[in-house]
Amino acid sequence: MSGDASAEPITKEAARLFAGRIWAELDMHRRRNLADQAGGFVRRFLQERSASGRVFLTAPIGDEIDLLSVMSALSCDLFLPVIRDSSMDFVAYREGHIIVPLRPGRFQIPEPQGTHIAVPDAGDLMFVPSLACNRHRFRLGRGGGFFDRYFAEHAQAKKCRKVSAMPVELIEIHFPEQSHDVKLDELVTDTGTVE
Ligand SMILES: Nc1nc2c(c(=O)[nH]1)N(C=O)[C@@H](CNc1ccc(C(=O)N[C@@H](CCC(=O)O)C(=O)O)cc1)CN2
Ligand SMILES: Nc1ncnc2c1ncn2[C@@H]1O[C@H](COP(=O)(O)OP(=O)(O)OP(=O)(O)O)[C@@H](O)[C@H]1O
């Protein structure tokens, strides 16, 4: 099974290469399914009694699914990261009927121009961008450490419901988790939701 990243323990860097290839080769049909599953997930979240109606997410880059378009069609408040040096804040993009313009920020990722910083809490939902995760639900990011640092600096944010959307073959990739890595509560895949 040499070269099969789902079966063998590998480094995070090797896992990123493996996952990156799967994302790059993901066909339109499966990308559509992933977007639809994410939309369904948020619709169910919004129907829950304890739900705040606040969704924290990211504007898409590279091969990521455009969750911002999906969530924009739903009735919820939306918050996006604004990167400042090595840290980031979540800033309101849409609250009620108010939509704040986006402009390219660090890495050319669109960021809201507004000033309303919000920290997620229990009752809020966060779609964390992940390339893959391991069987203990620890996520693999792009290696910038932005979300790891965010949760380390904002203890309250750890209480929110953390979800990632990824192709089903990337939900149990073997890589060594580190103490700072973010553990996901649920996964949305192109074939359904995994608790
Ligand atoms: N959509 C989205 N937004 C996000 C993240 C993400 O993974 N996806 N991040 C998740 O934490 C943070 C940004 N992290 C990033 C980490 C690396 C690169 C990147 O493209 N790195 C290039 C080098 C670019 C440069 O240095 O100028 C590279 O690795 O080749 C981009 C964003 C916050 N916002
Ligand atoms: N709480 C923290 N304080 C300082 N540095 C941290 C912290 N958490 C992670 N880092 C550093 O960030 C770097 C990237 O970590 P890691 O490879 O886990 O990133 P990632 O979670 O994949 O990235 P991202 O969150 O940007 O998608 C590592 O060098 C790590 O030491």
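Counting starts at 1 for both ligands and their atoms, in listed order. For the single chain, residues carry numbers from 1 onward in sequence order.
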Is the closest protein non-hydrogen atom to atom 24 (C) of ligand 1 under 4.0 Å?
-> yes
Per-atom contacts, ligand 1 versus Phe147 - under 4.0 Å to a heavy atom | 9 (N), 10 (C), 11 (O)
With heavy atoms and a 4.0 Å threshold, my read on which part of Asp181 contacts ligand 2 is side chain
Nearest to atom 16 (P) of ligand 2, what protein heavy atom do you find, and at what distance?
-> Asp148 OD2, 3.5 Å
Under 4.0 Å to a heavy atom of Arg139 - the qualifying atoms of ligand 2, by number = 21 (O), 24 (P), 25 (O), 27 (O)
Roughly how far, to the nearest 0.5 Å, is the OG atom of Ser72 from the CG atom of Leu57?
-> 7.5 Å
Is it possible for you to check whether Lys162 lies under 6.0 Å from the centre of the six-membered ring of Phe151, through NZ or CZ, and within 45° of that ring's axis?
-> yes
Relative to the ring of Phe56, is the ring of Phe90 parallel (under 30°), tilted (30 to 60°) or perpendicular (over 60°)?
-> perpendicular
In terms of side-chain heavy atoms, does Glu172 have a donor or acceptor partner in Asn134 at a distance below 3.5 Å?
-> no
among protein heavy atoms, the one nearest atom 21 (N) of ligand 1 is Phe107 CE2, 4.2 Å
Is the closest N or O pair between Phe146 and ligand 2 shorter than 3.5 Å?
-> yes
Pro129, any N or O under 3.5 Å of ligand 2 N or O = no
Can you find a pair of side-chain heavy atoms, one from Asp63 and one from Leu26, that are under 4.5 Å apart?
-> no
Check whether any heavy atom of Glu153 sits under 4.0 Å from an atom of ligand 2.
-> no
For atom 14 (C) of ligand 2, find the nearest protein heavy atom and state the residue, atom name and distance (0.1 Å precision).
-> Gly143 O, 3.2 Å
Within a strict 4.5 Å, meaning less than it, do heavy atoms of the Val128 and Val163 side chains meet?
-> no
Here the pair of heavy atoms bringing Met71 nearest to Cys76 is O-SG, 3.9 Å
Pro129 near ligand 1, heavy-atom distance under 4.0 Å?
-> yes
For atom 12 (C) of ligand 1, what's the nearest protein heavy atom and its distance?
-> Phe146 CD1, 3.8 Å
Run the salt-bridge test on Arg84 and Asp89 with the 4.0 Å N-O cut-off and return the result as yes or no.
-> yes
Select one of side chain, backbone, both or neither to describe which atoms of Glu13 lie under 4.0 Å from any atom of ligand 2, heavy atoms only.
-> neither
Just need the protein heavy atom nearest to atom 17 (O) of ligand 2, so name the residue and atom and give the distance.
-> Arg16 NH2, 2.9 Å
Show which atoms of ligand 2 fall inside a sub-4.0 Å distance from at least one heavy-atom site of Phe147.
-> 25 (O)
Pro129 backbone acceptor or donor facing Arg139 side chain under 3.5 Å = yes
Which is it for Glu64 and ligand 1 at heavy atoms under 4.0 Å: side chain, backbone, both or neither?
-> side chain
Closest approach of any protein heavy atom to atom 30 (C) of ligand 2, naming residue and atom | His180 CE1, 3.6 Å
Is the CZ atom of Arg149 crowded by more than 12 outside heavy atoms at less than 6.0 Å?
-> yes
In ligand 2, the atoms that come under 4.0 Å of a heavy atom of Lys12 are 16 (P), 17 (O), 18 (O)
Atom 3 (N) of ligand 2: closest protein heavy atom, distance to 0.1 Å, is Arg149 CG, 3.7 Å
With side chains defined as the heavy atoms from C-beta onward, is the minimum distance between Val70 and Asp36 less than 4.5 Å?
-> no
Does Ala59 come within less than 4.0 angstrom of ligand 1, counting non-hydrogen atoms of the residue?
-> yes
Heavy atoms of the protein only: does one fall short of 4.0 Å from atom 30 (O) of ligand 1?
-> no
Here the atoms of ligand 2 under 4.0 Å from any heavy atom belonging to Gly145 are 12 (O), 14 (C), 15 (O), 19 (O), 20 (P), 23 (O), 24 (P), 25 (O), 26 (O)
Which of the numbered atoms in ligand 2 are below 4.0 angstrom from a heavy atom of Ala152?
-> 1 (N)
Answer with yes or no whether the side chains of Glu95 and His116 bring together a donor and an acceptor at under 3.5 Å.
-> yes
What protein heavy atom sits nearest atom 7 (O) of ligand 1, and how far off is it?
-> Arg142 NE, 3.2 Å
On the 0 to 90° scale, with breaks at 30° and 60°, tag the His136-Phe138 ring pair as parallel, tilted or perpendicular.
-> perpendicular
shortest atom 34 (N) of ligand 1-to-protein heavy-atom contact is with Ile109 CD1, 3.8 Å
Heavy atom of protein inside 4.0 Å of atom 19 (O) of ligand 2, strictly below | yes
Hey, is CD1 on Ile61 packed in by over 12 heavy atoms from elsewhere, all under 6.0 Å?
-> yes
Answer yes when Asp181 and Lys12 have at least one side-chain N-carboxylate O distance shorter than 4.0 Å, and no when they do not.
-> yes
